[in-house]
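In what follows, a structure is listed as structure tokens, so that the remarks can point back to it.
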Amino acid sequence: MSTAALLGQDPGWLILVKGLLIFVFCVVCTLMAVWGERRIVARMQMRLGPNRVGKFGLLQALADGVKLALKEDLIPAAADKVVFIIAPIISATTCFMAFAVIPFTGTVTLFGHKTAMQLTDLPVSVLYILAIASIGVYGIVLAGWSSGSTYPLLGGLRSSAQVISYEVAMGLSLVAVFIYSGSMSTSEIVAAQHKWWFSVILFPSFVIYVISMVGETNRAPFDLAEAEGELVGGFHTEYSSLKFALFFLAEYVNIVAVSALATTLFMGGYHALPGLTFTEGWLGGWFTLFWFIAKVVSFFFLFVWLRGTLPRLRYDQFMKFGWKVLIPTSLVWILILATLRVMSQRAVSRIIVMGFSVGVVLLVVLITTMYDRTTAKAKAAAVLPDLPLPSFPIPALPGQLTVNHLTIDQTQVVTELENHNG
Amino acid sequence: MADEAKSFSQQLLGFWVTFATMFKKVNTVQYPEVKEPTAERFHGRHQLNRYEDGLEKCIGCELCAWACPADAIYVEGADNTEEERFSPGERFGQVYQINYLRCVFCGLCIEACPTRALTMTNEYELADDERSKLIFEKDDLLAPLRQGMIAPPHPMYPDSSHLNYYKGEITGSHPSQAKEEQK
């Protein structure tokens, strides 16, 4: 029986229970994620991190939450009140909704019902996730706009531009998954990976997805929306108390959501690691939840590792990378992949497939060498032409050591002064 | 292409640095529970020292107060009398205050002190919740009485002058220095 059919038999109360469980899972994940991130980053900097509240400091995030709730809730006088209040709510609600279609386990028995730990399964689940993520951007834009001050506006614009541009790359990387699995339903994509994970056979897509998921969640090294040195706190500068807590929650739930999506689409979802498939029957199928969480946690570790290692990108570098590298690369990769897929479906002879692949590789090598040569030539030819010198002092151009034109003609100055003094 | 590959591999090396650092010994000291000793000559709280028989070394000259760049020291000297003697010689410090809200722990007062009365300890826990508590009085600063010391006021060592004290010739107290009730 397919997962969709299995989920169709769920009674209403079971759906409610699942919804609650998913909500609790997300909130607990956030609490653990905040603590885990601080501990791991601290270790990477040879510190200990929070270890005071509760055992190993596990309750640190909870204590922070309580502290935030007890803080004064400020609404700036220049803010658009209604939108200012709605914005964090949009952010915090949409981030949870992506989890509705994430399959946590395979078939399990919950309260005597045979079901799967997945709230629902749509034929277009992944598109649904992309759509929800786009709605989440509204929270950021509106927060930035409604704050009625400059830094939040700039930060909001930056993050929305960032999320939208990287969503294009992300969507394109997912196309490869759709082509290969022949479905947009998350459970069917997981099922399609029973032999090979898509992170192996669609490795370029996987790399692009991982990069764009970091950009999509506004995380380091792509956290320019919250670049403290430039923008104070970005879109949430004016937010305090529980409203700020909602943005904070949304950020971490989003991280878990994109990690869960990466797990589902590229890492075989809840299936065990290769060679350990015998564990999938343990605890009546519940043990697969462990594999799912383990994979999500390793993605989360990647997020933290990136944050601990890489410096923040400049905004123009970031946009250039997204639009000029990630998107064209994924487009070309999809073209190649689609061709190969059609070839294999039409049962084209192996020689032609091999020839096509070799041709593509040769073409890539050719293009890169040509690119290298032209850039080298351009570098060599980059000798500044003789320009008429301006009458005012200008800063030295890159590579120009002495600023010759700044030497002022002394005699001219003297005569000019004399003329001026009469 | 080779340059790009090289720079990329160097960036991957950066990932290894952070990963390996996770397993290194952390620098954090669990402060209130674990206290690491300071450097030997750390500038901490001041101390007003005594001679071996218990008399105070401070002569109330105020040189420390004059040397202080932060104006943190206040001294009022007074005359010793034969009945009530706190230090050898003519004068003693009657009032001695150090304001730790002003002190910058530079140690110029220690350099200025002519009798080595004022020195610094390694004690650094000088936080409090009230301004007045951080103005240390003479009682807070005086060194504790060690074995063989007698609490002043009491007379100088028999058959000695202040010069014997300054030369460091007094190595302990004499029974005749103690008050009647202490005998």
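Since the structure is predicted, the reported quantities are computational estimates derived from the model, not experimental observations. Because only heavy atoms are used, hydrogens play no part in the values below, and waters and symmetry mates are left out as well, while side chains stay in. Letters A, B, ... are given to chains in the order of the sequence lines, protein chains preceding strands, and every chain is numbered from 1.
One finds the OG1 atom of B:Thr21 at 11.5 Å from the CZ atom of A:Arg43 (value rounded to the nearest 0.5 Å). Here B:Leu12 contributes atom CG and A:Thr309 contributes atom OG1; the two are 10.5 Å apart, rounded to the nearest 0.5 Å.
For the residue pair A:Met46 and B:Lys25, the shortest heavy atom distance occurs at CE-O, 3.4 Å. Across B:Met22 and A:Ile40, no two heavy atoms sit closer than the pair SD-CG2, 3.8 Å. Nearest heavy atom pair, residue B:Thr18 against residue A:Met44, reads O-CG, 3.5 Å. The minimum heavy-atom distance between B:Gln30 and A:Arg52, with the atom names listed, is OE1-NH2, 2.9 Å.
B:Phe23 does not touch chain A: none of its heavy atoms, backbone or side chain, sits under 4.5 Å away. Interface remark: A:Leu310 contributes side-chain atoms only to the contact with chain B (heavy atom separation under 4.5 Å).
The number of heavy atoms from other shown groups lying within 6.0 Å of CD (B:Glu82) does not exceed 12. Around the CZ atom of A:Phe301, the shell of radius 6.0 Å holds more than 12 heavy atoms that belong to other residues, nucleotides or ligands. Heavy atoms from other residues, nucleotides or ligands lying under 6.0 Å from CD of B:Glu33 number more than 12. Counting non-hydrogen atoms of neighbouring residues, nucleotides and ligands closer than 6.0 angstrom, the CZ atom of A:Arg47 exceeds 12 such neighbours. For A:Lys71, the NZ atom sits in a loose shell: 12 or fewer heavy atoms of surrounding residues, nucleotides or ligands are nearer than 6.0 Å. Other residues, nucleotides and ligands place more than 12 heavy atoms under 6.0 Å from the OH atom of B:Tyr124.
With sequence neighbours excluded, the residues forming a side chain to side chain donor-acceptor pair (under 3.5 Å) with B:Tyr74 are B:Glu76, listed by chain and number.
Side-chain N or O atoms of B:Thr28 include one that pairs as donor or acceptor with a backbone N or O of A:Leu48 at under 3.5 Å.
Classification of the A:Trp305-B:Phe19 ring pair by plane angle, with boundaries at 30° and 60°, yields tilted.
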